[in-house]
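Reviewing the structure listed below.
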Amino acid sequence: MDSETQQAFKDSARDLIARGDLARRRAALLAGNGALDRDAWKQMAEAGWTAMLVPEQSGGLGLGVPEVIAIAEEAGRAALPEPFVAAAVLTGAVLAAVSEHGAAQALIEAVVSGESVVGIAWQHGIGQLEPSADSPTRYRRDGDTIVLDGTLHFVTPLVGADGWVVLANGSEGLMLVWLAADTSGIELNGSRGIDGAALGTLHLQRCTVQATQALMEGEEVLDTLARALDIARIAQAAELLGIARAALEATIDYTCTRVQFGRAIGSFQALQHRLVDGYIQTELAAAALRDAAAADRQARSELASSASRAKARSAQAALWVTRLAVQLHGAIGYTEEGPIGPWLKRAIALSAWLGNERAHRARYFRLRPAGRQMRRDATGTTPPMDFPRDADWDAMPEAQFRQMVRAFFSAHYPEALRYFPRRLHWNEIAPWYRTLSEQGWIAPAWPKEFGGMALPPDKLIAWIEEQEFFGVGRPPDQGLIMLGPILIRYGSDAQRAQYLPKILSGEHVWAQGYSEPNAGSDLASLRTRALLDGDSFIVSGQKTWSTLAQDATHMFMLVRTDNSGRKQEGISFLLVDLKSPGVTVRPIQTIAGDEEFCEVFFDDVRVPKGNLVGELHRGWDIAKQLLGFERLFSGSPKHSQHALAQLRELAESRGLLADPAWADAYASAQLDVADLVSAYGGFADTVKRGETLPVEVSWLKIWATETHERVAMLLNEAAAESAMCEQAVSTGSQPVHIHAPLFNAMAAKIFSGSNEIQRNILARQVLRLPV
Ligand SMILES: Cc1cc2nc3c(=O)[nH]c(=O)nc-3n(C[C@H](O)[C@H](O)[C@H](O)COP(=O)(O)OP(=O)(O)OC[C@H]3O[C@@H](n4cnc5c(N)ncnc54)[C@H](O)[C@@H]3O)c2cc1C
């Protein structure tokens with residue numbers, strides 16, 4: 001998709017909508033007759049909206065789903081009452097498929113020009129998602145005519161439309177027939193849509209048309225209609241996203257200006273966090289939609305599952321945000337003339353038509369039953385190959401790079417440590433660390449001059465993903481991931497020469513000493529003191545929660561060197577040898593049952609002055625430097641994917657998925673993970689382009705860790721009484737760890753900046769809510 005073209009369509013749609021009279025749109029919506037404002041429809045046709053999907057040779061624009069999405073999102077933003085999806089997208093997609101048929105040309109011209117407003121009538125039952133080969137609307141041939149009988153439901157537009165393309169069934173199979181509204185034998189049973197749309201039931205009684213009005217017959221009818229419906233669902237998803245975004249923005253504006261208790265209500269943290277959750281829903285919907293945008297060129301099943309995923313997420317987002325918008329506007333949000341009603345009602349209608357969130361979850365589950373396979377079976381499948389220590393990684397094709405890395409893991413990584421359920425200790429993982437070190441691959445992100453691989457961003461992402469797929473355990477890597485880049489940027493030549501080679505070889509293992517008993521989220525209030533005494537600092541105080549410090553030889557830490565100014569200004573960054581006299585390391589057992597972190601006491605520990613990194617008192621600037629692509633780690637979908645694969649395995653072994661409640665719960669988790677994968681992909685693309693990750697990446701961490709926790713809880717439920725037992729559950733093929741995902745997810749919600757702190761960051765820096 002060319003995003004410039006998409007942007008151009010968005011801009012022109014915004015222009016057109018802005019030119020229209022908002023008051024007219026609202027009045028039409030409320031009166032229930034707005035769906036077929038002919039003047040408005042004509043303007044849309046002139047802007048090309050009705051011609052988008054129609055091929056150029058038939059007088060259309062021959063565009064695709066990305067452009068449709070661009071317009072639909074703007075229509076959603078404006079709560080446009082005109083039936084863009086029903087009479088431009090769905091109809092356009094059907095007409096595009098029948099455009100070769102001679103009889104269709106006049107109809108296409110009328111639709112493209114905006115002269116005719118035409119709907120598609122295909123549904124014969126409530127909750128029906130797919131067009132049926134057994135449609136009870138029947139046709140029979142009678143000489144040069146076709147006679148139709150039957151009833152079609154949820155037809156929109158109905159009253160006021162110029163006609164419909166109708167799905168009918170006969171002895172020769174299925175048929176799509178054009179039926180003008182003034183054909184005798186038609187009876188309309190219209191109802192007023194909650195969003196003002198014209199919809200209802202179309203009764204056909206001995207309705208007779210010329211045989212030439214059969215636009216398509218035979219086997220391709222079902223496929224054509226099914227494809228068109230899915231494209232319409234993707235457009236609906238975009239319209240719903242537009243609604244969600246506009247309602248969220250309006251609510252943010254309102255909470256910034258509405259004052260209660262002497263403050264703008266947007267400064268209340270309870271409201272900020274709820275707005276952030278609404279924002280996350282809209283971003284997920286956008287991520288699902290990005291994937292769906294490519295689907296019109298994909299195979300039928302791919303299009304169907306993308307459409308269901310996009311529809312399910314957008315419906316959830318729009319209904320979530322519009323309900324939140326009503327709530328945060330208070331009573332005014334509940335009034336008919338208030339700002340939220342049109343969006344809410346449009347969201348309700350669009351969500352319901354062509355399948356609601358639950359229906360699409362179930363459909364996605366049917367279409368994507370396998371989920372992600374656990375990858376243990378990958379062992380030994382790769383042929384022997386060369387593993388160069390160094391190469392022009394930039395020039396190497398990504399597929400070749402991935403294959404090489406995978407083969408290396410396959411050949412050297414210990415099978416027993418794959419997908420290990422907890423953080424590995426140094427004595428368990430040191431041989432692998434040294435293997436990578438000897439290979440020259442231990443520091444993929446470091447520059448070559450310091451012994452790294454200097455992988456370009458796309459290969460770095462590939463490296464991480466291949467490790468994740470293979471289930472490679474994470475060694476104590478704070479030296480590699482955190483300290484190394486800091487020394488490269490802020491350290492002295494002497495520090496780089498002294499420490500970097502030993503990080504690479506594994507001779508030094510580093511722990512991170514930031515947190516203290518009274519300095520967690522509010523890290524700048526740390527109190528561990530370092531006083532200069534000749535050529536040394538004398539360090540005293542306590543660090544805590546230092547991951548795997550019992551395995552470490554050294555600690556990089558933040559210490560207080562000055563108390564006189566702002567608390568951020570008297571902090572320094574120090575390197576400490578943990579064998580120094582006065583250091584005591586005490587491991588702490590976590591609820592997961594492992595000694596994963598430690599508290600570390602410093603009792604007048606003498607640290608050489610040369611171990612100060614950067615300037616004295618300026619350590620805060622170093623500590624808060626966000627470390628490039630590594631920030632993606634905490635948003636990686638790997639944990640959720642693995643837990644989902646385990647859930648699938650356990651649920652299948654216990655026959656749970658035959659239970660509709662379980663199938664729905666599983667489908668919900670499956671969608672959450674799929675959307676996480678898309679969102680991660682979006683941020684990974686930013687890194688691959690060599691750009692800095694934006695602050696928005698905070699929402700990825702929230703969604704990744706909370707999705708992981710939800711899947712982990714399902715795993716616990718699926719285990720039933722087995723959740724009482726500490727050991728893994730056997731499913732026949734391999735052990736499933738019931739508790740590890742839950743504990744790991746809970747930890748991840750706390751470390752790297754707790755999820756509440758991430759919500760605060762998003763509220764202030766992205767949503768711009770007041771302090
Ligand atoms: C498994 C694990 C490994 C860790 N490894 C390391 C390590 O290697 N090195 C290291 O230095 N630290 C490490 N940490 C510590 C981690 O960085 C802190 O736990 C984290 O910053 C939170 O601090 P706290 O535990 O003191 O919680 P607190 O800051 O006391 O927070 C308690 C609760 O209050 C919430 N809260 C606090 N302030 C606000 C606010 N302003 N608004 C809303 N909610 C708020 C928090 O989100 C949390 O839910 C680790 C932690 C864990 C769990």
Side-chain angles (χ1 to χ4, degrees), residues 267 269 272-273 276 478 481-492 495 510-533 536-547 549 554-576 597 599-602 605 607 609-628 630-631 634 692-698 701-702 750-771:
S267 66
Q269 195 185 60
Q272 292 186 343
H273 286 196
V276 166
Q478 286 94 322
I481 287 181
M482 304 180 91
L483 182 63
I486 283 175
L487 289 182
I488 289 168
R489 183 153 173 200
Y490 298 96
S492 63
Q495 286 168 339
W510 288 84
Q512 181 200 18
Y514 285 11
S515 305
E516 297 182 6
N518 289 311
S521 302
D522 181 15
L523 186 58
S525 63
L526 61 91
R527 290 207 291 245
T528 294
R529 214 178 48 228
L531 293 178
L532 252 185
D533 179 30
S536 308
F537 287 99
I538 309 290
V539 178
S540 45
Q542 181 191 348
K543 293 290 170 184
T544 192
W545 321 129
S546 288
T547 297
H554 290 70
M555 174 177 275
F556 55 94
M557 58 192 293
L558 294 176
V559 290
R560 183 150 300 284
T561 42
D562 183 34
N563 266 320
S564 59
R566 278 178 65 234
K567 56 186 183 178
Q568 285 84 355
E569 281 163 8
I571 291 172
S572 300
F573 194 99
L574 213 54
L575 308 177
V576 179
F597 46 32
E599 51 187 349
V600 185
F601 300 90
F602 298 85
V605 176
V607 178
K609 197 176 160 185
N611 285 16
L612 174 75
V613 179
E615 288 176 49
L616 190 66
H617 310 324
R618 301 300 298 270
W620 186 252
D621 296 338
I622 298 178
K624 75 174 186 203
Q625 283 301 318
L626 299 168
L627 299 167
E630 283 88 1
R631 283 197 293 154
S634 53
T692 313
L693 278 170
V695 64
E696 282 83 350
V697 76
S698 284
K701 190 238 172 181
I702 297 173
I750 298 170
F751 62 59
S752 298
S754 75
N755 284 14
E756 289 73 25
I757 297 299
Q758 305 295 341
R759 284 185 168 85
N760 290 348
I761 291 171
L762 290 164
R764 306 261 164 78
Q765 296 184 35
V766 177
L767 304 190
R768 306 259 166 224
L769 289 162
V771 182

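In what follows, residues are counted from 1 in the order of the sequence shown.
Side chain of R560 to main chain of K567: a donor-acceptor pair is present (N/O by atom type, distance under 3.5 Å, no hydrogens or angles). Checked by atom type and distance alone, the side chain of Q758 pairs as donor or acceptor with a backbone atom of S752 at under 3.5 Å. Put simply, the side chain of D562 never gets that close to the backbone of G570: no donor and acceptor are under 3.5 Å apart. T528 contributes no side-chain N or O that, together with a main-chain N or O of S540, makes up a donor-acceptor pair within less than 3.5 Å.
Using a 4.5 Å heavy-atom threshold, the side chains of L487 and F556 count as separate. A heavy-atom distance below 4.5 Å is not found between the side chains of Y490 and I488. For the pair T561/L574, no side-chain contact is recorded, criterion being any heavy-atom separation below 4.5 Å from C-beta on. Taking 4.5 Å as the limit, every side-chain heavy atom of M557 sits out of range of all side-chain heavy atoms of V600. Two residues are said to be in side-chain contact when any heavy atoms from C-beta on lie closer than 4.5 Å; V607 and V559 fail this criterion. Considering only heavy atoms from C-beta on, I481 stays 4.5 Å or farther from W510 through its side chain. Two residues are said to be in side-chain contact when any heavy atoms from C-beta on lie closer than 4.5 Å; F573 and L558 meet this criterion. Using a 4.5 Å heavy-atom cutoff, the side chains of S525 and N518 are not in contact.
The side-chain hydrogen bond (donor to acceptor under 3.5 Å, both in side chains) search around R759 returns D277, E706, not counting sequence neighbours. In this structure Y514 satisfies the side-chain hydrogen bond (donor to acceptor under 3.5 Å, both in side chains) test with no other residue, sequence neighbours excluded. In this structure, the side-chain hydrogen bond (donor to acceptor under 3.5 Å, both in side chains) partners of E599, at least two apart in sequence or on a different chain, are Q542, R586. Under the side-chain hydrogen bond (donor to acceptor under 3.5 Å, both in side chains) criterion, E615 pairs with no residue, sequence neighbours left out.
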Give every donor-acceptor pair under 3.5 Å between a side-chain atom in residues 760-771 and any protein atom, sequence neighbours left out.
{"from": "N760", "atom 1": "OD1", "to": "Q269", "atom 2": "NE2", "distance (Å)": "2.9"}
{"from": "N760", "atom 1": "OD1", "to": "H273", "atom 2": "NE2", "distance (Å)": "2.7"}
{"from": "R768", "atom 1": "NH2", "to": "Q765", "atom 2": "O", "distance (Å)": "3.4"}

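Residues M482 and P485 approach most closely at O-CD, 3.5 Å, considering heavy atoms. Between G610 and Q495, the closest heavy-atom pair is O-NE2, 2.9 Å. Between S572 and L612, the closest heavy-atom pair is CB-CD1, 3.7 Å. The nearest pair of heavy atoms linking I622 to G614 is CD1-CA, 4.1 Å.
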Could you walk me through whether F537 and L616 pass the side-chain contact (heavy atoms from CB on, under 4.5 Å) test, one step at a time?
CA-CA 11 Å; F537 287 99; L616 190 66; 3.7 Å; yes

Take K609 and L532 through the side-chain contact (heavy atoms from CB on, under 4.5 Å) test and state the conclusion after the steps.
CA-CA 8 Å; K609 197 176 160 185; L532 252 185; 3.9 Å; yes

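Between the CZ atom of F597 and the CZ atom of F751 there is a distance of 10.5 Å, given to the nearest 0.5 Å. Between atom CG of residue L523 and atom CH2 of residue W620 there is a gap of 4.5 Å, rounded to the nearest 0.5 Å. Between S536 atom OG and L531 atom CG the span is 12.0 Å, to the nearest 0.5 Å. Put simply, CD on Q272 and CD on E756 are 13.0 Å apart, with the number rounded to the nearest 0.5 Å.
Legend: salt bridge (Lys or Arg N to Asp or Glu O under 4.0 Å) pairs involving residues 511-521, not counting sequence neighbours, sorted by first then second residue: E516-K543.
Crowding of W545 atom CH2: a count of heavy atoms from other residues, nucleotides or ligands under 6.0 Å not exceeding 12.
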